[in-house]
Amino acid sequence: MKRIRKKHSTGFKARVALAAIKGDRMIAELASEFGVHPNQIYSWQKQLLDGAASVFEGSASAERAINEA
């Protein structure tokens with residue numbers, strides 16, 4: 001029998017990763033609650049932390065463009 005892969009929304013991934021970063025519950029508890037494998041939570045947590053700096057990059061480049069004008 002062939003397994004069907006679940007496709008999680010970006011909002012779901014962010015919610016799970018933020019819950020993991022919070023640290024008030026163990027990864028195993030979160031995995032059980034959200035129905036995903038613990039390794040997947042670690043992966044989403046790493047992606048969120050690695051990409052967090054890019055949230056602030058957009059505003060800095062827009063500010064530079066305004067100052068140059």
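Bear in mind the structure is a predicted one, so any value in this text is a computation, not a measurement. Heads up: numbering here begins at 1 and tracks the sequence.
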Heavy-atom pair with the smallest gap, counting every atom of Ala19 and Arg25: CB-NH2, 4.1 Å
Closest approach of Ala20 to Ile41 (non-hydrogen atoms, all atoms of both residues): CB-CG2, 3.7 Å
Tyr42, OH: over 12 other non-hydrogen atoms inside 6.0 angstrom: no
Calculate, to the nearest 0.5 Å, the distance between atoms [atom1] and [atom2] belonging to [X] and [Y] respectively.
X	Y	atom1	atom2	result
Leu18	Gln45	CG	CD	9.5 Å
Trp44	Thr10	CH2	OG1	11.0 Å
Leu49	Ile21	CG	CD1	4.0 Å

N/O donor-acceptor pair under 3.5 Å between Ser32 side chain and Glu29 backbone: no
Min side-chain heavy-atom separation His8-Phe34 under 4.5 Å: no
side-chain contact (heavy atoms from CB on, under 4.5 Å) between Gln40 and Lys13, worked out: CA-CA 9 Å; Gln40 189 64 65; Lys13 293 175 185 179; over 6 Å; no
Same apolar cluster: Ile27 and Val16, side chain cutoff 4.5 Å: yes
